Every structure is written in C-alpha cells, then in structure tokens.
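As structure tokens, the structure follows; a few thoughts come after it.
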There are 2 protein chains.
Amino acid sequence: MDGARMQEIANEAGINKAMLHYYYRSKQLLFEAVFKNAFSLLAPQLNTILNDDSSIEDKVRNFCSNYISFIIKHPYLPNFIIQELNRNPDFLLKMKNNPGFPTTEKFKKQVALEIDKGIIKPINGEQLFINIMALNVFPFVAKPLIQTLIGVEDEEFEKIVEERKTSAADFIINSIKI
Amino acid sequence: MDGARMQEIANEAGINKAMLHYYYRSKQLLFEAVFKNAFSLLAPQLNTILNDDSSIEDKVRNFCSNYISFIIKHPYLPNFIIQELNRNPDFLLKMKNNPGFPTTEKFKKQVALEIDKGIIKPINGEQLFINIMALNVFPFVAKPLIQTLIGVEDEEFEKIVEERKTSAADFIINSIKI
DNA sequence: AAATAGTTTAACCAAGTGGTTAACAAATTT
DNA sequence: AAATTTGTTAACCACTTGGTTAAACTATTT
C-alpha cells in the first residue's frame, strides 16, 4: 500500500490511471480488493491443516508439501499479507465472520484427542499450529535474510525450499510422534 | 521507508524537519543509519546460536530463551529488517564483509560433528538453522495473523510467546535429540 | 436511429513530498 | 572579544501524489 503508486499500477495493467479510480474509486478500496483476493487464496490452504479429517501426521505431511508448492506459485503472497497486517492489524477482523475463515478450534480438539490416544506426545495445540506455520511460511518471508546468512543464490535457495516439503514435515513429526 | 514521513520523524524526535536533513542529508541515508543500527542489535543474537562453543542442545535452549526476551524488548525489529530486506534484497550485501557479520559455517560443521558422534539425528545444518530461526522469529513477524487465527488478544498472545521460550526449544530438541 | 448507459482518456488540481535556503543563535577556537 | 564553526528554524521550492473532470468514444436499449 505505502510503496505502490496508482500510476505504476495503471501502467502495469496497461490502462489509464483514471480507469483505476473509475473502477475502484480510491487507492484504499483497490487495496482492500487486492488484500481480500490474496487472503481468499490463502484461507483454503490454512483450512487443509485446520479442518481436514485426516490424522495430524497426514495433515502435517500434506500441508508442508502442498503449502510450499502453493507459495512457490504465489511468492508475493505471504509477505504481502504479513506486511499489510502489521500496518493495519485490525484489517482481518472485518473478514473474520466470512464463511470459510480459518479457525483453530477443530485442530486444537484433534491435537488433544491424539495426545489422549497416545498417538502424539503432549503439546499445546496453539503452539503446534504456530510451529507448523512458522516452519512453512518463514523461509519465504525471510528469504533475503536467510539467503545472505547461509550464502546461497536463488537457484540453491529454491532447492533448499523444495527440500523442505519433506524435511519440515519430518522435523515436525519427529518432534511429536511417539 | 515507504510509509515513513520526514516530518513525522522530526516531530517524534522533537526537532525541526530541516535538522533531519542537516544531520542525515537525505531520507535514504537516514534509513540506512536506522537499518544498520537495527541489524547491529540483531547480529550478536544470531551469533549466539551460530558461533557459540556450547553443544547444539544448549545453544538451542539458550537461543530460544534469549532471543524471545530480546524481541520482546525490540518488537519492531524483526518486521523492520524483513520488510526492508524484501524491498531491497541487496542491502545486506554491503554489510556482509563487516566483522561480526553472522555466517553459518561453524554451525554447519558443529551439526555434522554432533551427528557423527551420535548426539543428534541426521539433519541438514542449513535446514536446522532455518527451523530454529523460523520457530523463534515467525510468531513476532506474523503476530496479527496468528492472533486473529487463534483468536487471542495481546495479553494472551504475550503469554503464548513467553511460553515459547521453553516450548520452541523443546520442540526442536525433541526432533533432533537421539 | 435516437437515446441512454457504460467506458476511456488527457488535462487538471489541491495537498503532500523530500529537500533547500538564508537568516539567526549558540558554542568553540583563535 | 573577534572569528569561525556548529546548531536551529521558518519559509520556501520543485515535484509527485491521489483524485477529479469534462469531453469523446463505444456499446446497449428503446
């Protein structure tokens, strides 16, 4: 939002700047349309780990693989959402009531149940969810930092990220599986 | 950089806007001073996990505890660095030659050594480093997203983050300890 | 085909933007 | 104490910003 210029957006879209205002009225409304669109792509991904019916282990393995594939296709997405939410933390509240908005209730119950059954080790469901998100999202959000610290160019970084489809899943399962 | 206004910065600092330019010449140079200052706070933290002499397990436990304390004291820091590095990924390259700039060489060797000795399970050192960073940094970077998804206000979120000083460490150690 | 509604554009505008200047005030050096 | 450097400010400037307007053009309805 802050760095974007209406003129640049119009140029990129191959239209006149006035057209942007004709269809979206203001930069704020255009931004909200873009944000909602971006989040509507992300939400189903989160729901696969939160509201799917398979076991925690299966969900973790699936999510790590699918989510990383998903972000490779939309590399701008996590940064955009995280950056704009930090600029305006209340923005998501408006969307919280929409159907399909991800919640952690079911996931937390499932974690408690699998702990009870002795399938996984005791762990707080919220903490586990944060861990899963962190391990999958962070590499993309912090790409420039990580690349500089471990000293790899784009090609090598892509290999590392690709490897995480299984390595991040293994890391999580290793930690919680009995 | 994009959202900041020289006038606002001057107001916040209680000085005239012209003073900012007198001391820093341009917004770009002011920004670079701020960024370097921010990174100079972060670098020593990273070096505790990368270049300390204790065992991996001790380093992980120490880092999770210390780093989270550190970020609680500087909550703006991870977002600022990550956001600005995404805006200009090459910015860190200028600082890479500075003494004390964190590198992963020693850490990777240590991981290989402890695997050899049978202290920890086989894992790629780079992946482990990314995991450690992710589990510690991500909750702060994605705070508004996480808070909305798990539905907690600031106070409860602080508790969860505080709990991560040990829970994130346990999660990592559980995964790699033999 | 006339009228109406929707689309597209160049030109324009007021409000900010980073940055400069010239004058003045306070330290510091000589 | 005179001179010089350093610190400080209000006023100013060129340029960019999001946004508007009025006119032209195109498609649809009547």
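Each chain gets a letter, A, B and so on, in the order its sequence line appears, and its residues count up from 1. This structure is a prediction, so every number in the text was calculated from the model and none was measured.
Atom CE in B:M1 sits about 14 Å away from atom P in C:dT17, given to the nearest Å. Straight-line distance from the CG atom of A:L20 to the P atom of D:dT17: 14 Å, rounded to whole Å. Here D:dA11 presents its P atom at 13 Å from CD of B:Q7, a figure rounded to the nearest Å. Rounding to whole angstrom units, CG of residue B:L30 and P of C:dT17 are separated by 15 Å. As rounded to whole Å, 17 Å separates atom C1' of C:dG19 from atom CD of B:E8. Rounded to an integer number of Å, the gap from A:I15 CD1 to D:dG19 P is 14 Å. Atoms OH (B:Y22) and P (D:dA11) sit 21 Å apart, rounded to a whole Å. The nearest whole Å value for the distance from the CZ atom in B:R25 to the P atom in C:dT21 is 12 Å.
A:K27 contributes no side-chain N or O that forms a donor-acceptor pair with the base of D:dG19 under 3.5 Å.
The existence of a salt bridge linking A:R61 and A:E57 is confirmed by a sub-4.0 Å separation between a basic side-chain nitrogen and an acidic carboxylate oxygen. For the pair B:K106 and B:D53, the salt-bridge criterion is met [side-chain N within less than 4.0 Å of a carboxylate O].
With the nearest nucleotide of DNA chain C identified for both A:K17 and B:H21, A:K17 has the one nearer the 5' end. Sequence order on DNA chain C of the closest nucleotides to B:N16 and A:M19 puts A:M19 first from the 5' end.
Side-chain proximity of A:M6 to D:dG18, C:dT9, D:dT9: nearest is D:dG18. Nearest nucleotide to the B:Y23 side chain, out of C:dG19, D:dG19, D:dT8: D:dT8. Nearest to the side chain of B:A18, among C:dT21, D:dT8, D:dG19, sits C:dT21.
For the pair B:R5 and C:dG16, the criterion of a side-chain N or O lying under 4.0 Å from OP1 or OP2 is not met.
No contact: B:A10 has no heavy atom under 4.0 Å from any strand.
For A:F39 and A:F101, the gap between ring centers is short of 6.0 Å. The aromatic ring centres of B:Y76 and B:F80 sit 6.0 Å or more apart.
B:F35 does not carry B:R87 over the face of its six-membered ring by the limits of under 6.0 Å from the centre and within 45° of the normal.
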